[in-house]
Amino acid sequence: MSEQKKPLPFVANFAAGAIAGVSEILTFYPLDVVKTRMQLSTEKSQGLFGSFKTIIREEGFGRLYRGLVPPLLLEAPKRAVKFAANDFWGKTYLGLSGEAKMNQQLSVLTGCSAGATESFVVVPFELVKIRLQDKNSTYAGPMDVVKQIVKKEGVLGLYAGMESTFWRHLWWNGGYFGCIFQVRSMLPKAETQQGVLFNNFISGSVGGFVGTLVNTPFDVVKSRIQSVTKVPGVKPKYNWTYPALVTIFREEGPGALYKGFVPKVLRLAPGGGVLLLVVEFTLGVFRKALGPPYI
């Protein structure tokens, strides 16, 4: 977007993020199920294809879509918050810093702030999704998970894993939006609409890869924390993020911190490209609809 264009209103960024999020999750959800299974297992990994085959053979193909409803309901507000918050924090930091345009440091700070904001929205939905994706899950569905958690742990039980979710989203968004800025500056300037879309897909995919590389250990911890029902008087093995990272490293080795990395990166690298592609395309539609001075 050139400097002469008027920034789009908040609702446009919110809607674009929502549309992009739903598009991404409908395309890549089975990879998320496999990723969670690999992260919850304390045994030697079967690998991506081995995990797929085991789930389909033992539980049926439909299991790859179990737990889809919570993230699908979440995806619109989650991605909407992500891109709207990134837009809000970007404008805020530009104003505070006195900079005329975004730079690398501000883009990372903006991404981290957007991720921290997003984390407060996603926790209950992530918790329900993890409980349903667990191989040992006996829940009848999303509402059954909510009812049982509230009954056993109270309403605040829906926010189990808040701290680990905060760190997961902070680091992913920092890597994602920071890389988008850097890669865009390195790519040749697009002369056509197709070129713009291609550049967006490439920069978003690279951002998704780097964000996943940075945040996977935090995602492993989050999955472990959220998979276990709290028992009164019993201290959970995994409770706080950084001590849990040390525990997993010590007991299972450094490789365990990257369990589920392959399906996660296969989802979030191209998924990050799809997100940015759909967001920018949708924002372009809004600009044309609103006309000058947004075009």
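Numbers here are sequence positions counted from 1. These numbers come from the heavy atoms of this one structure, side chains and all, not from hydrogens, waters or symmetry mates.
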Does a donor on one side chain sit under 3.5 Å from an acceptor on the other, for Thr117 and Trp89? yes

Would you say the side chains of Thr165 and Tyr159 form a donor-acceptor pair under 3.5 Å? no

In Å, rounded to the nearest 0.5 Å, how long is the span from [atom1] of [X] to [atom2] of [Y]?
X      : Y      : atom1 : atom2 : result
Met102 : Ser185 : CE    : OG    : 13.0 Å
Cys112 : Asn86  : SG    : CG    : 10.5 Å
Tyr238 : Ser227 : OH    : OG    : 9.0 Å
Asn199 : Met186 : CG    : CE    : 12.0 Å
Ile19  : Phe281 : CD1   : CZ    : 10.0 Å
Thr216 : Lys222 : OG1   : NZ    : 12.0 Å

If we only count heavy atoms from C-beta on, is the [X] to [Y] side-chain gap below 4.5 Å?
X      : Y      : value
Ile225 : Pro236 : no
Met38  : Val262 : no
Ile248 : Val220 : yes
Glu99  : Leu106 : yes
Leu276 : Arg184 : yes
Leu132 : Val145 : yes
Arg224 : Lys259 : yes
Phe201 : Leu197 : no

Can you confirm whether more than 12 heavy atoms, excluding those of [X], are under 6.0 Å from its [atom1] atom?
X      : atom1 : value
Lys147 : NZ    : no
Tyr93  : OH    : yes
Leu156 : CG    : no
Tyr139 : OH    : yes
Tyr242 : OH    : yes

Locate the shortest heavy-atom distance separating [X] from [Y]; write the atom from each residue and the value.
X      : Y      : value
His169 : Ser119 : CB-CB, 4.1 Å
Gly178 : Val108 : CA-CG2, 3.9 Å
Arg131 : Gln226 : NE-O, 2.6 Å
Ser203 : Asn200 : OG-O, 3.2 Å
Phe166 : Ala116 : CE1-CB, 3.4 Å
Ala16  : Leu283 : CB-CD2, 3.8 Å

Could you walk me through whether Leu31 and Lys35 pass side chain to side chain contact (heavy atoms under 4.5 Å, CB included), step by step? CA-CA 6 Å; Leu31 287 167; Lys35 179 265 297 183; over 6 Å; no

Spell out, yes or no, whether [X] and [Y] are grouped together once hydrophobic residues are joined by side-chain heavy atoms under 4.5 Å, including indirect joins.
X      : Y      : value
Phe120 : Leu127 : yes
Trp171 : Leu109 : no
Leu96  : Phe88  : yes
Ile130 : Val146 : no
Leu245 : Phe249 : yes

Whether Glu58 and Arg37 form a salt bridge (side-chain N of Lys/Arg under 4.0 Å from carboxylate O of Asp/Glu) is what I want to check. no

Using a strict threshold of under 4.0 Å (side-chain N to carboxylate O), is an ion pair present between Lys237 and Glu251? yes

Side chain to side chain contact (heavy atoms under 4.5 Å, CB included) between Lys91 and Leu94, worked out: CA-CA 5 Å; Lys91 292 173 181 174; Leu94 281 173; 5.7 Å; no

Kindly say whether the aromatic ring centers of Trp172 and Phe218 come within a distance under 6.0 Å. no

Can you sort out the partners of Lys264 under salt bridge (charged side-chain N to carboxylate O under 4.0 Å, His left out), two or more places apart, ordered by chain and number? Asp219

Kindly indicate, with the supporting measurements, whether the criterion side chain to side chain contact (heavy atoms under 4.5 Å, CB included) is fulfilled by Ile180 and Phe177. CA-CA 5 Å; Ile180 286 173; Phe177 287 109; 4.2 Å; yes

Hits for ring pair (Phe, Tyr, Trp, His ring centres under 6.0 Å) against Tyr258, two or more places apart or cross-chain, chain-then-number order -> Phe261

